Amino acid sequence: MAILITGGCGYIGSHTCLELIRAGYDIAVLDNYCNSKPEVLGRIRELAGRDFPFFPCDIRDEKALRAVFDAVPVQAVIHFAGLKAVGESVRDPLAYYDNNVGGTVTLCRVMQQAGCRCIVFSSSATVYGKDNPSPLREEMPVGRVENPYGRTKYIIETLLQDLCASDPAWSAMLLRYFNPIGAHESGRIGEDPAGIPNNLMPYIAQVAVGRLEQLSVFGNDYNTPDGTGVRDYIHVTDLARGHVAALAYALRHTGAEAVNLGTGKGCSVLELVHTFERVNGIPVQYRIAPRRPGDVDVCYADPAKAARLFGWRAEKTLDDMCRDSWRWQSLNPQGYDA
């Protein structure tokens, strides 16, 4: 039996593939290369020291999905496949509802037909909206989301909860991420966004390596110690290990559980910039720009439920995150295209 990873060539998916293999699981990977590169597959296999099946497939293609489940005995699915850019979701909401929600409906239907009723879902802290105070806890109200991307995550969580309520054989872990950064310690896989990065760390790293001129820090008048927004940054390897722990729990339990994956510690934008500079000895040019609409002062997790349910805690430090991000970027200045 294998664990099927949808979107397994993406940033978080690729790291999770490695951690699953390291934990002794057999895996199969599915990706349509919408937000990833074919080069990733070879690097995962290189680091893992073993092969695994790969299916170039879109989760909206029901016929192709059925062929995957016919080819591989799937025990459970870790579901990463989805569009993830907030701004793009505002410009093109139909694409986000079609891919993220429609694709998940198709995936769950094929899973059910194949007798596979265990899923670990890549959700997001965006489901909490901006009205809940930090630290964010799983029992807080969700759904007052500011953008179509976040709403698709909330809708998919609701769908999976309804599915578990309708059939007691289903198990669904809804993993609410905070801010993944860092890269594999080898520097062989990491975050390689298409075009101008939407997230802070790849932007910092691309400024440091000379691909971008300077970083824009959006706002320095927030109610925080240095005036810049505070977020919960988590090393992508810790996040990947959280999926392995959540999978083990899901295979032993039924029903739906929402669980935060974060460090429980806030870090400001400037603190992250200065930590990157200190750890790596690299200056990062930045300017203060106007606030972005919808950004909140502070957002960080209460990760206690993950520790209680399946014994997971983030272990890597902010220094580790900055060091590994720079190792990846400096060894791969143009990302996987190099």
Side-chain angles (χ1 to χ4, degrees), residues 5 7-23 40 43-44 47-48 78 80 84 120 122-125 134-136 173 175-193 197-206 208 229-247 259-269 271-280 282 284 299-307 310-332 335:
I5 302 102
C9 294
Y11 173 46
I12 302 169
S14 58
H15 289 80
T16 302
C17 286
L18 279 177
E19 293 303 318
L20 286 165
I21 292 170
R22 183 169 172 250
V40 179
R43 296 197 186 190
I44 298 171
L47 291 168
I78 300 184
F80 294 106
K84 62 176 185 175
V120 177
S122 166
S123 191
S124 168
S134 291
L136 295 168
M173 299 299 294
L175 301 184
R176 295 172 179 169
Y177 305 169
F178 281 70
N179 297 77
I181 61 174
H184 191 266
E185 61 187 7
S186 67
R188 294 293 287 157
I189 60 172
E191 187 169 11
D192 184 20
N198 291 305
N199 297 325
L200 178 58
M201 179 55 88
Y203 209 113
I204 291 172
Q206 288 190 20
V230 168
R231 300 292 181 268
D232 189 336
Y233 297 99
I234 176 173
H235 197 292
V236 65
T237 297
D238 275 335
L239 187 62
R241 290 172 182 162
H243 287 75
V244 177
L247 172 67
V259 181
N260 291 335
L261 292 183
T263 65
K265 299 174 185 175
C267 168
S268 76
V269 173
E271 183 182 354
L272 186 64
V273 170
H274 297 324
T275 301
F276 185 96
E277 292 178 317
R278 173 180 58 78
V279 167
N280 298 308
I282 305 287
V284 176
C299 176
Y300 64 95
D302 179 346
K305 185 174 180 180
F310 42 80
W312 175 87
R313 293 177 178 83
E315 297 175 358
K316 291 184 177 286
T317 66
L318 199 64
D319 283 16
D320 295 328
M321 301 178 211
C322 291
R323 186 179 300 110
D324 290 342
S325 292
W326 176 239
R327 184 181 297 111
W328 153 254
Q329 192 69 76
S330 60
L331 292 175
N332 305 270

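The first residue of the sequence shown is numbered 1, and numbering continues consecutively from there. Quantities reported herein were computed from a predicted structural model and do not represent experimental measurements.
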Walk me through whether N332 and R327 qualify under side-chain hydrogen bond (donor to acceptor under 3.5 Å, both in side chains). CA-CA 8 Å; N332 305 270; R327 184 181 297 111; over 6 Å; no

Apply salt bridge (Lys or Arg N to Asp or Glu O under 4.0 Å) to the pair R313 and D238, showing each step before the final yes or no. CA-CA 8 Å; R313 293 177 178 83; D238 275 335; over 6 Å; no

Set out, in order, the CA-CA distance, both residues' side-chain angles and the distance that settles side-chain contact (heavy atoms from CB on, under 4.5 Å) for N198 and K84, then state yes or no. CA-CA 10 Å; N198 291 305; K84 62 176 185 175; over 6 Å; no

Report the C-alpha distance between I189 and L18 in whole Å, list the side-chain angles of each, state the deciding distance to 0.1 Å, and finish with yes or no for side-chain contact (heavy atoms from CB on, under 4.5 Å). CA-CA 10 Å; I189 60 172; L18 279 177; 3.6 Å; yes

For this session: Would you please test V284 and F276 for side-chain contact (heavy atoms from CB on, under 4.5 Å) and show each step?
Result: CA-CA 8 Å; V284 176; F276 185 96; 3.8 Å; yes

Evaluate the criterion side-chain contact (heavy atoms from CB on, under 4.5 Å) for residue pair R188 and W328; output intermediate values, then yes/no. CA-CA 7 Å; R188 294 293 287 157; W328 153 254; over 6 Å; no

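No side-chain donor-acceptor contact under 3.5 Å links D302 to the backbone of P135.
Expressed to the nearest 0.5 Å, how far CG of L136 lies from OH of Y300 amounts to 9.0 Å. The structure places OG1 of T237 at 10.5 Å from CE of M321, a figure rounded to the nearest 0.5 Å. With rounding to the nearest 0.5 angstrom, the CD atom of E271 is 6.0 Å from the CG atom of L318. Between E185 atom CD and L47 atom CG the span is 9.5 Å, to the nearest 0.5 Å. In this structure, L239 CG and S122 OG are separated by 8.0 Å, a value rounded to the nearest 0.5 Å. A distance of 4.0 Å separates CE in M201 from SG in C322, rounded to the nearest 0.5 Å.
The side-chain heavy atoms of P193 and Q206, taken from C-beta on, include a pair separated by under 4.5 Å. Within the 4.5 Å cutoff, the side chain of V279 has no heavy atoms near those of the W326 side chain. Between D232 and C267 the shortest side-chain heavy-atom distance does not fall below 4.5 Å. For the pair I78/L20, a side-chain contact is recorded, criterion being any heavy-atom separation below 4.5 Å from C-beta on. Between V236 and I181 the shortest side-chain heavy-atom distance does not fall below 4.5 Å. With contacts defined as side-chain heavy-atom distances shorter than 4.5 Å, the pair L175/S123 does not qualify. When side chains are defined from C-beta on, V259 does not count as touching R176, because their heavy atoms never get closer than 4.5 Å. Residues C299 and V230 form no side-chain contact, since every pair of their non-hydrogen atoms from C-beta on lies 4.5 Å or further apart.
Contact between P197 and Y203 at its shortest, heavy atoms only, is O-CD1, 3.7 Å. Residue A306 comes nearest to N260 through the heavy atom pair CB-O, 3.8 Å, listed as atom of the first residue, atom of the second, then distance. Taking each heavy atom of H235 and D324 in turn, the nearest pair found is NE2-OD2, 2.8 Å. The minimum heavy-atom distance between C17 and I5, with the atom names listed, is SG-CD1, 4.1 Å. Residues Y11 and H15 come closest through the heavy atom pair O-ND1, 2.7 Å. Nearest heavy atoms, G190 versus A183: CA-CB, 3.9 Å.
Checked against the 6.0 Å centroid criterion, the rings of Y177 and H243 qualify as a close aromatic pair.
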